[in-house]
Amino acid sequence: MATLGKSGDRFRDMIRSITGISLPPSKVQMIEQRLRRRVIDCAQPDTETYLDQLLAGALGQDELRRVIDLITTNTTSFFREADHFDLLVRSILPERLSRPGRGQRGRLKVWSAAASEGAEAFTAAMVLEEARRRGPDFDYAILGTDISHRMLERADAAIYADEQLATVPRDLLARYFLRSRDASMAGKSRVVPELRAKVRFRHLNLMDARYPVDRDVDVIFLRNVLIYFDVADKETVVDRLAGHLAPGGYLLVGHAESMVVRHEGLRQVKPTIFQKC
């Protein structure tokens, strides 16, 4: 990271230790672009000086939180890798509801472990709500977590621009999103209250030693996240997530990640689908 000197190297080490994200030296231009506004707002002469101050703790924890929000990649869309949601309602849901002890009205727990601004969590909510409309009767709860406070604020608001909703089927768009007459909301829609009540969002860093999440989760989505981690961190995160799956529960990863999941307690049932043994 020649243009940022030793500060750049130390910054990349810090980001990796906090978030698990490995930033190669080739990402120097991306780092400078994303931090440009912070350099100006903090009245620093250049990015290298800004990083020196940040690393020394002179800019405070709030500034570090802003930097993590800016550095993390938050690519998301509704019905992304749609085959996972088909599998959820056609195979995983009936299997999980048929488990002994579920009673007449089963309950499915879903965790979107890198929720970004909520598209994945609300997609799961829509398909599960549709399944419930068709029967059988069941309940579900969805947890969305992310390292970015900025993304979680957007997820909590559950307001999306028309272009973000382009991949939502028209009938689901009409049923689960509301348009406002407020001029400030032009070109935007909000998830209906009934669906928002099924989804909650919390801050969580996958690099933390412990996750404040139930240990009987039926389905965990962790898609397109592990590709940013090194081998050791991938293994650690998968091991922690496996500990929060109920027996027979499922871990769903991205299509680029099916070869990186290695855990003795998980068996691969499809290229991107792993089940707890």
Side-chain angles (χ1 to χ4, degrees), residues 19 65-66 68-89 92-93 107-134 138-206 211-214 217-225 244 252 254:
T19 70
R65 191 180 82 174
R66 292 189 186 98
I68 291 173
D69 280 354
L70 290 170
I71 291 298
T72 51
T73 300
N74 299 292
T75 302
T76 183
S77 61
F78 287 90
F79 289 91
R80 186 182 187 186
E81 299 182 12
D83 54 318
H84 283 163
F85 300 104
D86 289 338
L87 182 77
L88 175 64
V89 296
I92 296 177
L93 176 64
R107 188 168 191 256
L108 193 79
K109 290 185 179 182
V110 177
W111 177 13
S112 172
S116 187
E117 55 188 325
E120 180 176 83
F122 284 123
T123 299
M126 281 188 280
V127 299
L128 289 173
E129 192 63 31
E130 287 295 291
R132 190 164 71 165
R133 283 165 54 88
R134 297 189 297 266
F138 69 95
D139 195 12
Y140 65 92
I142 299 173
L143 171 66
T145 64
D146 202 87
I147 193 174
S148 171
H149 293 273
R150 178 170 53 97
M151 289 297 107
L152 290 171
E153 288 175 2
R154 294 183 185 180
D156 268 325
I159 298 171
Y160 301 94
D162 289 347
E163 54 266 27
Q164 293 175 284
L165 300 174
T167 53
V168 179
R170 189 169 297 181
D171 58 331
L172 301 187
L173 190 62
R175 189 172 297 135
Y176 297 116
F177 291 86
L178 295 172
R179 296 188 74 87
S180 173
R181 296 179 181 178
D182 189 332
S184 67
M185 286 283 289
K188 298 178 181 178
S189 300
R190 191 179 193 192
V191 178
V192 297
E194 296 80 6
L195 210 62
R196 297 203 309 271
K198 293 293 185 179
V199 184
R200 62 189 177 98
F201 294 98
R202 297 288 185 272
H203 180 264
L204 186 144
N205 183 349
L206 291 170
Y211 303 155
V213 177
D214 292 346
V217 178
D218 294 288
V219 182
I220 298 176
F221 287 86
L222 185 73
R223 305 188 302 170
N224 307 302
V225 177
H244 289 271
L252 281 60

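Since the structure is predicted, the reported quantities are computational estimates derived from the model, not experimental observations.
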Go through it in stages, so that I can follow the logic: the residues are Leu222 and Leu206, the test is side-chain contact (heavy atoms from CB on, under 4.5 Å), and I'd like the CA-CA distance, side-chain angles, deciding distance and then a yes or no. CA-CA 10 Å; Leu222 185 73; Leu206 291 170; 3.7 Å; yes
Is any side-chain heavy atom of Met126 less than 4.5 Å from a side-chain heavy atom of Val168? yes
Nearest 0.5 Å please: distance from the CZ atom of Arg132 over to the CG atom of Asp139. 6.0 Å
For Val192, is there any backbone N or O sitting under 3.5 Å from a side-chain donor or acceptor partner on Tyr176? no
Given Leu88, which of Asp83, Leu252, Asp218, Leu128 fulfils the side chain to side chain contact (heavy atoms under 4.5 Å, CB included) condition? Leu128
Does the side chain of Asp69 pick up a donor-acceptor pair with the side chain of Ser148 at under 3.5 Å? yes
Determine the minimum heavy-atom distance between Arg107 and Ala141, stating which atoms define it. NH2-CB, 3.2 Å
For residues Gly144 and Leu152, report the shortest heavy-atom separation together with the two atoms involved. O-CD2, 4.4 Å
Is Ile92 close to Leu87 at the side-chain level, that is, under 4.5 Å between some pair of heavy atoms? yes
Heavy-atom donor-acceptor pair, His244 side chain to Val213 backbone, under 3.5 Å: yes
Salt-bridged, Arg150 to Glu153, with N to O below 4.0 Å? no
What residues, two or more places apart in sequence or in another chain, satisfy side chain to side chain contact (heavy atoms under 4.5 Å, CB included) together with Arg223? Arg80, Glu81, His84, Phe85, Glu120, Phe221
For the residue pair Ser189 and Asp162, what are the closest heavy atoms and their distance? OG-OD1, 4.3 Å
Partner residues of Phe78 under the ring pair (Phe, Tyr, Trp, His ring centres under 6.0 Å) criterion, sequence neighbours left out: Tyr160, Phe177
Is there side-chain contact between Asp214 and Lys109, with heavy atoms separated by less than 4.5 Å? yes
Least distance between heavy atoms, Ser180 atom then Met185 atom: CB-CB, 3.8 Å
Residue list, side chain to side chain contact (heavy atoms under 4.5 Å, CB included) with Pro193, at least two apart or on another chain: Leu178, Arg196
Could you check if a side-chain atom of Leu173 sits within less than 4.5 angstrom of a side-chain atom of Leu165, using non-hydrogen atoms only? yes
Taking it one step at a time, do Asp182 and Ser184 satisfy side-chain hydrogen bond (donor to acceptor under 3.5 Å, both in side chains)? CA-CA 5 Å; Asp182 189 332; Ser184 67; 2.9 Å; yes
Drop me the distance from Glu163's CD to Lys188's NZ, to the nearest 0.5 angstrom. 9.5 Å
Residue pair Val127 / Phe79, side-chain heavy-atom distance below 4.5 Å: yes
Would you compute the distance between atom CD of Glu117 and atom CZ of Phe201 and round it to the nearest 0.5 angstrom? 10.0 Å
Should the pair Arg175-Glu129 be classified as a salt bridge under the 4.0 Å nitrogen-to-oxygen rule? no
Thr145 versus Tyr211: any side-chain heavy-atom pair under 4.5 Å? no
In short, Asp146 meets Ala115 closest at the heavy-atom pair OD1-N, 3.4 Å
Would you say that Tyr140 contacts Val110 through its side chain, given a criterion of any heavy-atom pair below 4.5 Å between the two side chains? no
Considering non-hydrogen atoms only, spot the tightest contact between Phe122 and Ala155 and give its length. CE1-O, 3.8 Å
